[in-house]
Amino acid sequence: MNISPKLAIITGGASGIGLATTKAFVANGIKTIIIGRNEEKLKAAANDAGELCSYKAYDLNNTSGIPDFVNSLVKEFGTPDILVNNAGINMKKSFTEVTDQDFQQVIQTNLLSVFSLSREVVKYMLEIGSGSIVNISSMAAQYGIPLVIAYTAAKSAIEGMTRAMATELSPRGIRVNCVAPGFIATAMSGTALDSDPERKNKVLSRTPMGKLGDANDVAAAILYLTSDAAKFVTGVVLPVDGGNSIGF
Ligand code: NAI
């Protein structure tokens, strides 16, 4: 009988949705490693989350270093059972002002780094024949939203990649799912909405539940998808959005 606690990696686990998920995992006895760029922020978040939480500072944009980084994590902590690809950046700019560099930067963090980290973690998950991965999409992949072209491209690709990964990896014991948060009150959405009341009104008016979500709402869905309760669920994109994606 395997009684050792599950081990999870959460990228961007020091703030917003990632931190809420970290706390939900720890509360459910899951040993959780959070990854981010800012050591101080990570340390504070790990203290806040409690004993089962550890952290490693790493800039996931450094894709060439990811294999060594994952090897060192596995050496120190063991093979992860769960990977939550939560780290992401947004950029709100009109279409013609987005430079190639802007576009690449968003694609790098939100897509290329997700691929590289998943590939390296999956190599280890395949050795034990089990694992669960959750990617994070957005309403920008459910319908058209202006001023977020690179973010939309990246998140739409994340949904396709989730399905492709699920078909290839599920026969080998690894489930891959995706959560598409609606508009959730975090620092990221604050930057996009607080200075733009018209956009915020538009968001709320097409959200049947009439409010922004809480990071804990998304964390609960991620916890479910990684848990044994979802052991027959793979390849889905689960909106957690107060109905925003189906709102009129
Ligand atoms: P946040 O800005 O609080 O969290 C993002 C985290 O990712 C931060 O901790 C940041 O340090 C980390 N990160 C960014 N680039 C990194 C890099 N190169 N290396 C390591 N860590 C990096 O934002 P929030 O809102 O919690 O977003 C989490 C995820 O949810 C993102 O993927 C975002 O696109 C997605 N999302 C958020 C929504 C919202 O309304 N807040 C809506 C839809 C999706």
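Atoms within each ligand, like the ligands themselves, are counted from 1 in listed order.
By the 3.5 Å distance cut-off applied to N or O atoms, Ile184 is counted among the residues near ligand 1. Taking any N or O of Ser15, backbone or side chain, at least one lies under 3.5 Å from an N or O belonging to ligand 1. An N or O contact shorter than 3.5 Å links Ile17 to ligand 1 by distance.
For ligand 1, the atoms lying closer than 4.0 Å to a non-hydrogen atom of Ser137 are 43 (C), 44 (C). Near Tyr151, meaning under 4.0 Å from any of its heavy atoms, are these atoms of ligand 1: 33 (C), 34 (O), 35 (C), 36 (N), 43 (C), 44 (C). Atoms of ligand 1 lying under 4.0 Å from any heavy atom of Asn61, numbered from 1 in the order shown and given with element: 18 (N). Heavy-atom contacts of Met188 reach the following atoms of ligand 1: 23 (O), 25 (O), 27 (O), 33 (C), 34 (O) (cutoff under 4.0 Å). Residue-ligand proximity, Gly16 to ligand 1, at heavy-atom distances under 4.0 Å covers atoms 3 (O), 26 (O). Near Thr109, meaning under 4.0 Å from any of its heavy atoms, are these atoms of ligand 1: 15 (N). Counting atoms of ligand 1 from 1 in the listed order, those under 4.0 Å from a heavy atom of Leu60 are 17 (C), 18 (N), 19 (N), 20 (C). Those atoms of ligand 1 that come under 4.0 Å of a heavy atom in Pro181, given as number and element, are 42 (C), 43 (C), 44 (C).
Contact annotation: for Met139 versus ligand 1, there are no heavy atoms closer than 4.0 Å.
Of the protein's non-hydrogen atoms, the one nearest atom 31 (C) of ligand 1 is Asn86 O, 3.1 Å. Nearest protein heavy-atom neighbour of atom 5 (C) of ligand 1: Gly88 O, 3.7 Å. Atom 11 (O) of ligand 1 has as its closest protein heavy atom Arg37 NH2, 3.4 Å. Distance from atom 18 (N) of ligand 1 to its nearest protein heavy atom, with residue and atom name: Asp59 OD1, 2.9 Å. For atom 20 (C) of ligand 1, the closest non-hydrogen atom on the protein side is Tyr58 O, 3.5 Å. For atom 35 (C) of ligand 1, the closest non-hydrogen atom of the protein is Ile136 CG2, 3.7 Å. Scanning the protein heavy atoms around atom 12 (C) of ligand 1, the nearest turns out to be Gly12 CA, 3.7 Å. Protein heavy atom in closest approach to atom 25 (O) of ligand 1: Thr186 OG1, 2.6 Å.
Here the side chains of Ile10 and Ile222 are not in contact, with every heavy-atom distance at 4.5 Å or above. Ile158 is not listed as a side-chain neighbour of Asn110, based on a closest heavy-atom distance of 4.5 Å or more. Side-chain contact check for Val70 versus Arg119: every heavy-atom pair is 4.5 Å or farther apart. Between Val74 and Pro80, the closest side-chain pair of non-hydrogen atoms falls below 4.5 Å. The shortest side-chain heavy-atom distance between Phe69 and Asn62 does not fall under the 4.5 Å cut-off. Using a 4.5 Å cut-off on side-chain heavy atoms (C-beta onward), Val203 and Leu193 make contact.
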Apply side chain to side chain donor-acceptor pair (under 3.5 Å) to Tyr224 and Asn177, showing your working. CA-CA 11 Å; Tyr224 160 68; Asn177 290 292; over 6 Å; no

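Between Val114 and Thr109, the shortest heavy-atom contact is CG2-O, 4.1 Å.
Listed for the Ser116 side chain is no donor-acceptor partner under 3.5 Å among the backbone atoms of Thr63. In this structure a side-chain-to-backbone donor-acceptor pair under 3.5 Å is missing from Asn28 to Ile30.
A salt bridge between Asp228 and Lys6 is present, with a side-chain N of the basic residue lying under 4.0 Å from a carboxylate O of the acidic one. A salt bridge is defined here as a Lys NZ or Arg NE, NH1 or NH2 lying under 4.0 Å from an Asp or Glu carboxylate O, and Lys123 with Glu120 meets this definition.
Considering only non-hydrogen atoms, atom 42 (C) of ligand 1 lies nearest to Gly182 out of Gly182, Pro239, Ser138.
The CG atom of Asn38 lies 11.5 Å from the CG atom of Asp59; values are rounded to the nearest 0.5 Å.
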